[in-house]
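Just dropping this structure here.
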Amino acid sequence: MLDAKMIRANPEMVEAALQNRNMPGALQNFLKLDENRRSLLARVEEIKKFRNQASQEVGKLKKQGLNAEELMEKVRRVGDEIKELDEKIGQVETDIEKILLNIPNIPHSSVPVGEDENANVEMRRWGEPRQFDFAPLAHWDIGPNLDILDFERAAKLSGARFTVYKGWGARLERAVINFFLNIHTGQHGYQEIFPPFMVTADCMLGTGQLPKFAEDMFKIEGRDMYMVPTAEVPLTNLCREEILEEKDLPRYMTAYTACFRAEAGSHGRDTRGIIRQHQFNKVELVKITAADSSYEELEKLTHDAEEVLQLLELPYRVVLLSTGDMGFSSAKTYDLEVWMPSYNDYKEISSCSNCEDFQARRANIRYRPASKERIRYVHTLNGSGVAVGRTVAAILENYQQEDGSVVIPTALRPYMGGLLKIER
RNA sequence: GGAGAGAUGGCCGAGUAGGCUGAAGGCGCUCGCCUGCUAAGCGAGUAUACGGCUAAUACCUGUAUCGAGGGUUCGAAUCCCUCUCUCUCCGCCA
C-alpha cells in the first residue's frame, strides 16, 4: 500500500509510475475522496471537541450541585450529527482503502520501463548449457520412464496439475528441500522457520495477495483462511503489527512450505510436467530490513538464491524485471532462470524482490531506528531459495544420460544416501 | 466439545458504586549531573495514527486509540451485547 500523504503530494509522479505498470487511471477518484475525507474530518472533530469540553463542564456543574440539563440537551443534539458524519467518513475511508489496496507498488528508479517481459534486462549468466550428443528428453518423459514421477495416478487422486513422486523421485524432492535449508541456515545466516500452511485473510492482505488476487488462491471452505501460495506470506506476517528494534535488523528467515495456487488464467501454459502445479514445494527467503539497507540486501539475497544453483551446477541467468513484468508488491525484482533443455530456454526458478515499505504499511510492521528518530516502516524482501519442483525438473533434464538414467549432482549425494544415479 | 479466568503503553503492572486517566508505579530506553574504571546514585524526558498550522516526517494544536465491533450515557479502559484470541480444568484426538 502506498502512503496516502505521498500520493497527495505527488499525484503526477504516482500516475506516471502506474502507467509504467500498465495500470493507468488506478488513482482516479483518490484525490477527490481524500479531500472529501479531510473536510468531513475537520467538521466532525470540531463537534467532538465541543462535546468533550461540554461533557467535562457537565461533570463540574453536577459536582457543584448545579443544573446541567440545558448543556446536556445541547450535547445530546450534536450526538446525532457526529454519528452521521462518522458514518460518512467511514464510507469514504472504505472507498479510499479499496483504491489504495488495489494500487501496486511504485517501481524503483533502476527498473527498466517497459510493457512486458520483452523489456526485461539480463544481468548475468552462470554456467554453460550442456551440449547433448543424443536427443535429450523432457522431465515429463524421464520421470515416468524411471518410475519416479506419476502423473496419471496423480490425476486420479487430485486431477490436473498434481504430481505423485515415487521412490527415488520422492527422495530427490526431499533431498533438495533439505539441501536448500541447510545452505541457507548454515552458510547464509537465515533462521529456519516452519510455519502454518494455512493463514488468515489478514495475512494475505498484508503481503498483497488480497484483495486483488483472490482467484489465484485456494480458500478454505467456511473459514476466512487460505492455503499459503508461498512461504513469503507467513514469514513476512510473523512480524505483523509489531515494532522491531533496529539492532535486531536485518532479520533473515527461511522456510520450506508446500505452496498452493489455483493457477486460474494459466490454462494451456506449462501443461506438461511439474513446472506449473496446484501444489508445489518451495524454500523461501525473507528479509526484514531497515529502510536504508534494503537494496544492498536485495543483491545479497539474490546471490544467496543463486548459490544453491551454482552448488547444483545448474546453468542459469539473472534477469531484472521491467515495470510491466513485476509483481504487485515489488519495487524491484530479479528473476533467476534455470536452463531447461525441454524448453530449450531459461525458465523462472526464483523471484527475488524488494517490496520496500509496501507490505510493511499493509501489515503494519515498523521499527524503532537506533538514532531514536520517529518509528518507521521496515522494508520487506522475499525470494525463492529456490523452487523445489522446478529444481528437480532441471536436475532430471540437465543430468540425464543416454541410457535414461539421471546422475545425482555431487552436492546432493549425501542427501540421497550416497546414490550416484537414478536408473531403471 | 463442556466449565472457568483473562486481554491495558516497548515490557511488567495499577486502575469498576462511569467524569480532570493517554492512562499510577516499576523495568527498559534517551539526555544531563555525579563517580578514578565498572556498578550504584540523582534530575529530566520517553505511545501511535489521522487532521489543522508549517519548508518540515520541527514546534504548537485538534480528534481517535486501554483485544475487535456494536450499544447505553451529556460523558466509558471502567456498564451491557456480540466476536476473536490466550490461559487453566475436563472430554476427545495424530
Side-chain angles (χ1 to χ4, degrees), chain A residues 1-10 30-97 99-101 194 196-206 220 222-226 234 237-249 251 288 290-292 356-357 360-379:
Chain A
M1 188 157 64
L2 301 181
D3 179 9
K5 271 184 275 190
M6 188 277 286
I7 300 176
R8 195 186 299 152
N10 316 283
F30 173 82
L31 292 175
K32 244 184 291 168
L33 286 167
D34 181 59
E35 200 178 315
N36 190 216
R37 167 175 174 271
R38 280 181 293 150
S39 77
L40 287 169
L41 218 47
R43 256 202 286 165
V44 79
E45 285 185 358
E46 198 169 329
I47 302 174
K48 282 181 177 174
K49 180 180 175 184
F50 163 74
R51 180 177 67 180
N52 288 344
Q53 289 174 343
S55 296
Q56 275 190 26
E57 196 59 32
V58 169
K60 277 182 202 159
L61 290 174
K62 285 198 165 178
K63 216 171 213 172
Q64 292 168 30
L66 298 172
N67 188 336
E69 262 314 315
E70 197 182 330
L71 194 51
M72 282 164 66
E73 180 53 35
K74 241 182 189 170
V75 179
R76 206 172 290 146
R77 259 180 280 135
V78 300
D80 293 338
E81 201 174 344
I82 289 177
K83 201 168 174 183
E84 202 178 305
L85 283 169
D86 271 344
E87 266 163 30
K88 262 189 205 164
I89 290 169
Q91 184 54 52
V92 172
E93 287 185 337
T94 304
D95 292 346
I96 290 176
E97 187 163 273
I99 293 174
L100 249 29
L101 285 176
F194 192 77
F197 289 11
M198 294 184 220
V199 296
T200 64
D202 286 338
C203 291
M204 292 298 224
L205 202 81
I220 311 299
R223 281 176 183 266
D224 203 17
M225 296 187 85
Y226 294 81
N237 278 285
L238 271 180
C239 302
R240 196 170 86 238
E241 311 287 342
E242 291 191 20
I243 299 174
L244 310 169
E245 296 294 335
E246 181 165 16
K247 67 173 162 55
D248 298 328
L249 302 177
R251 192 157 157 189
I288 310 288
D292 50 15
E356 296 189 4
D357 63 5
R361 185 170 279 110
R362 290 172 162 248
N364 201 23
I365 310 171
R366 295 171 295 175
Y367 73 103
R368 213 180 291 285
S371 56
K372 248 352 194 178
E373 302 155 26
R374 58 188 293 109
I375 286 173
R376 304 186 61 176
Y377 286 108
V378 300
H379 282 193

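In what follows, chains are A, B, ... by sequence order, proteins preceding strands, each numbered from 1.
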Which nucleotide sits closest to the side chain of A:K60: B:rG52, B:rG62, B:rC20?
-> B:rC20
Side-chain N,O (A:K63) to OP1/OP2 (B:rC20) below 4.0 Å = no
Base-pairing assignment for B:rA24 (Watson-Crick or G-U wobble, both under 3.5 Å) | none
Please round to the nearest 0.5 Å and tell me the distance separating atom CD1 of A:I96 and atom CD1 of A:I7.
-> 10.0 Å
B:rG71 phosphate, OP1 or OP2: any side-chain N/O from A:K83 under 4.0 angstrom?
-> yes
Distance, C1' atom - from B:rG2 to B:rA94, rounded to whole angstrom | 22 Å
Rounded to whole angstrom, note down the C1' distance from B:rA17 over to B:rC90.
-> 37 Å
Quantified in whole Å, what is the C1' atom distance between nucleotide B:rG45 and nucleotide B:rG51?
->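 It comes out at 26 Å once rounded to the nearest Å.
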Counter-base of B:rC74, judged by Watson-Crick or G-U geometry with both distances under 3.5 Å =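 Pairing partner, where one exists within any strand: B:rG19.
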What nucleotide among B:rG19, B:rG51, B:rU63 has an atom nearest to a side-chain atom of A:K48?
->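 Nearest to the side-chain atoms of A:K48, counting from C-beta on, is B:rU63.
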Could you let me know what B:rG45 is paired to, Watson-Crick or G-U wobble, both distances under 3.5 Å, or none if it's on its own?
->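 With both distances under 3.5 Å, B:rG45 matches B:rC29.
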Under 4.0 angstrom between A:R38 side-chain N/O and B:rG52 OP1 or OP2 | yes
Does A:R374 have a side-chain nitrogen or oxygen under 4.0 Å from the phosphate oxygens OP1 or OP2 of B:rA49?
-> yes
Using atom C1' of each nucleotide, how far apart are B:rU35 and B:rA40 to the nearest Å?
->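 Per the computed distance, 9 Å lies between those C1' atoms.
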Within the structure, does a side-chain N or O atom of A:N52 lie under 4.0 Å from either OP1 or OP2 of B:rC74?
-> no
Pairing of A:D248 and A:R368 as salt bridge, 4.0 angstrom limit |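 Judged by the 4.0 Å cut-off on N to carboxylate O distance, A:D248 and A:R368 do not form a salt bridge.
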Under 3.5 Å side-chain donor-acceptor pair for A:Q56 and A:N52 | no
